[in-house]
Protein chains: 2
Amino acid sequence: MPRPRSLTPDRLAAAALAVIDRDGLAALSMRTVARELGMSPMGLYRYVSDREELEGLVVDRVLGDLDTTPPAADAPWRDRIETMVGRLRDAVVRHPEAIQLTLTHRHRAPGGLLWSETVLGILAEAGIDGTRRVVALRALHGYVTGAIRLEHLGPLAGTGTSAIAALPEDRFPYLTQTARTAGEVGPDQEFFGGLRLLLRGLDG
Amino acid sequence: MPRPRSLTPDRLAAAALAVIDRDGLAALSMRTVARELGMSPMGLYRYVSDREELEGLVVDRVLGDLDTTPPAADAPWRDRIETMVGRLRDAVVRHPEAIQLTLTHRHRAPGGLLWSETVLGILAEAGIDGTRRVVALRALHGYVTGAIRLEHLGPLAGTGTSAIAALPEDRFPYLTQTARTAGEVGPDQEFFGGLRLLLRGLDG
DNA sequence: CCTCGTAGGCGTACGGCGTACTCCTACTAG
DNA sequence: CTAGTAGGAGTACGCCGTACGCCTACGAGG
């Protein structure tokens, strides 16, 4: 009966993501997305009820190309978890300007839920059950999101390291020394190094 | 020569924090803080150059009552780290509405730096050096900030758990089951349980 | 074929935001 | 006493999210 809808939620998400990728997260607004689509600002409200909902669509899209199929079962379970974590990190980092959005809305996106489901399966196969599994999943979530945030929005990314290196050495001997050493450690080594600490602790 | 300043940065931070604690983070604006202080909106700009700088002052204040003195040296080093992490968590959570602010600006506040310094000292005493220490500190940062965020802003806080429990059980068998088990795990058990996984992995 | 209900699309408007700029006032160090 | 600075108020601009109302194009029911 009605006039057909001229936009899909996915096209809307694509437009929003284009704005973010091009002009940064701060540039995201109902108005800029509407401009991107060549329609009037208020037009968006027929597809989302809210800016929040639009953000949700963006996250759906970012996590849409997150591979959540279980990795080859013959690999050790810790390697499989690393694979899953690496996939998540890759998908998130592929849109650096959207990281904040992705991490805060991750739990509402289908992709994020499927990811958790797969990880829980691996943990189960590793013999981790009950409350131990709950704690393990949450610890992984906490570490992964925290570490990604740290890597891309935190103090050691960009200007932060030099600021720390400039601290008074007598009051912050360890911190200044550590900042110097930090230069030798690449992002991947740091990220997966920390993850392996956590995975090692999951044993026994 | 000049007329004396009528405000201290700390009073400004206190006013901003009062607004946040009372009306939530979304209510924080130059205008509301000015109202809180009974002055005109533009008056604030003689004390801060920026909203960002005001947020920094707030974080300074929140982390101001964070105890960064090294814990009693006779305790095992892992317990001492737990103490430090617990103190940070307590200080951050004392102003729940400001958590987002506190965690994102933590690295610029003196309290946050002192905390890192103390933690690095403990790690050093535990014989952890060089790149291993860098990785350890970053992993701790990542986990702690991620876990606090998860606990207070994430999916399992508030409405999230029930949303997960309502997922189709055939597509998310592990997730729905885990959500049920999650009810039995208290926040502290979860937080420190995850932390202990990490600390256990730091050995050897 | 006509008509009617719905979705599309546009424009206007409101209250809030951060902040640039201007003007006058009150104070105090010389 | 005077000069110079900080305090304080006001106005203004260009953003923001979004409530609301109007006309238009379409396609299914009569």
Side-chain angles (χ1 to χ4, degrees), chain A residues 1-61 97-98 100-102 104-105 108 153, chain B residues 1-61 97-98 100-102 104-105 108 153:
Chain A
M1 230 197 267
R3 182 175 176 175
R5 296 178 85 76
S6 57
L7 230 58
T8 63
D10 209 66
R11 255 192 55 65
L12 208 161
L17 196 50
V19 170
I20 294 173
D21 285 341
R22 177 168 16 93
D23 302 324
L25 184 56
L28 181 73
S29 79
M30 303 302 276
R31 287 167 154 91
T32 52
V33 174
R35 253 200 299 280
E36 183 80 15
L37 288 165
M39 66 197 301
S40 91
M42 295 309 296
L44 302 187
Y45 285 92
R46 252 167 296 110
Y47 297 90
V48 291
S49 66
D50 223 58
R51 182 203 163 112
E52 176 113 359
E53 199 172 314
L54 189 153
E55 293 179 354
L57 289 181
V58 171
V59 175
D60 279 4
R61 183 163 236 270
E97 286 290 340
Q100 230 173 23
L101 230 53
T102 311
T104 34
H105 292 338
R108 278 182 259 166
L153 311 164
Chain B
M1 230 197 260
R3 180 175 177 176
R5 294 178 86 77
S6 58
L7 229 57
T8 63
D10 208 65
R11 254 190 58 63
L12 208 160
L17 196 50
V19 170
I20 293 173
D21 285 340
R22 179 169 13 94
D23 302 323
L25 184 57
L28 181 73
S29 79
M30 302 303 276
R31 288 166 153 94
T32 53
V33 174
R35 253 199 300 280
E36 182 81 15
L37 289 165
M39 65 198 298
S40 92
M42 295 309 295
L44 302 186
Y45 285 91
R46 253 167 295 112
Y47 296 90
V48 291
S49 67
D50 222 59
R51 181 204 163 110
E52 176 113 358
E53 200 172 313
L54 189 153
E55 292 179 354
L57 289 181
V58 171
V59 176
D60 279 5
R61 183 163 235 270
E97 286 290 340
Q100 227 171 31
L101 229 54
T102 310
T104 35
H105 292 337
R108 277 182 261 166
L153 311 163

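Within every chain, numbering begins at 1; the chains are lettered A, B, ... in the order of the sequence lines, protein sequences first and strands thereafter. Fair warning: this is a prediction, and the values are worked out from it, not measured in the lab.
- Distances shorter than 4.0 Å separate none of the side-chain N or O atoms of A/Ser29 from OP1 or OP2 on D/dC15.
- Remark: the backbone N or O of B/Leu7 is paired with a side-chain donor or acceptor of B/Tyr47 at under 3.5 angstrom.
- Between the CG atom of B/Leu12 and the P atom of D/dG7 there is a distance of 11 Å, given to the nearest Å.
- The backbone N or O of B/Ala27 sits less than 3.5 Å from a side-chain atom of B/Thr32, completing a donor-acceptor pair.
- The CE-C1' distance, from A/Met30 to C/dC10, rounds to 15 Å in whole Å.
- Looking only at distances, no side-chain donor or acceptor of A/Arg61 sits under 3.5 Å from a matching main-chain atom of A/Gly56.
- Under 4.0 Å is where a charged nitrogen must lie from a carboxylate oxygen, and between A/Glu53 and A/Arg108 no such pair does.
- For the segment residues 40-53 of chain A, the set of residues with a heavy atom within less than 4.0 Å of an atom of DNA chain C comprises A/Ser40, A/Met42, A/Arg46, A/Tyr47, in numerical order.
- Between A/Glu36 and A/Arg31 there is no salt bridge, since none of the side-chain N atoms of the basic residue sits less than 4.0 Å from a carboxylate O of the acidic one.
- Closest approach to the B/Arg31 side chain among C/dG18, C/dC10, D/dC16 is made by C/dG18 (side chain taken as heavy atoms from C-beta onward).
- Taking atom CG of B/Leu25 as the reference point, atom P of C/dC17 lies 13 Å away to the nearest angstrom.
- Both B/Ala27 and A/Leu7 sit near DNA chain C, but only A/Leu7 has its closest nucleotide nearer the 5' end.
- What separates CG of B/Leu37 from C1' of D/dG7 is a distance of 14 Å, to the nearest Å.
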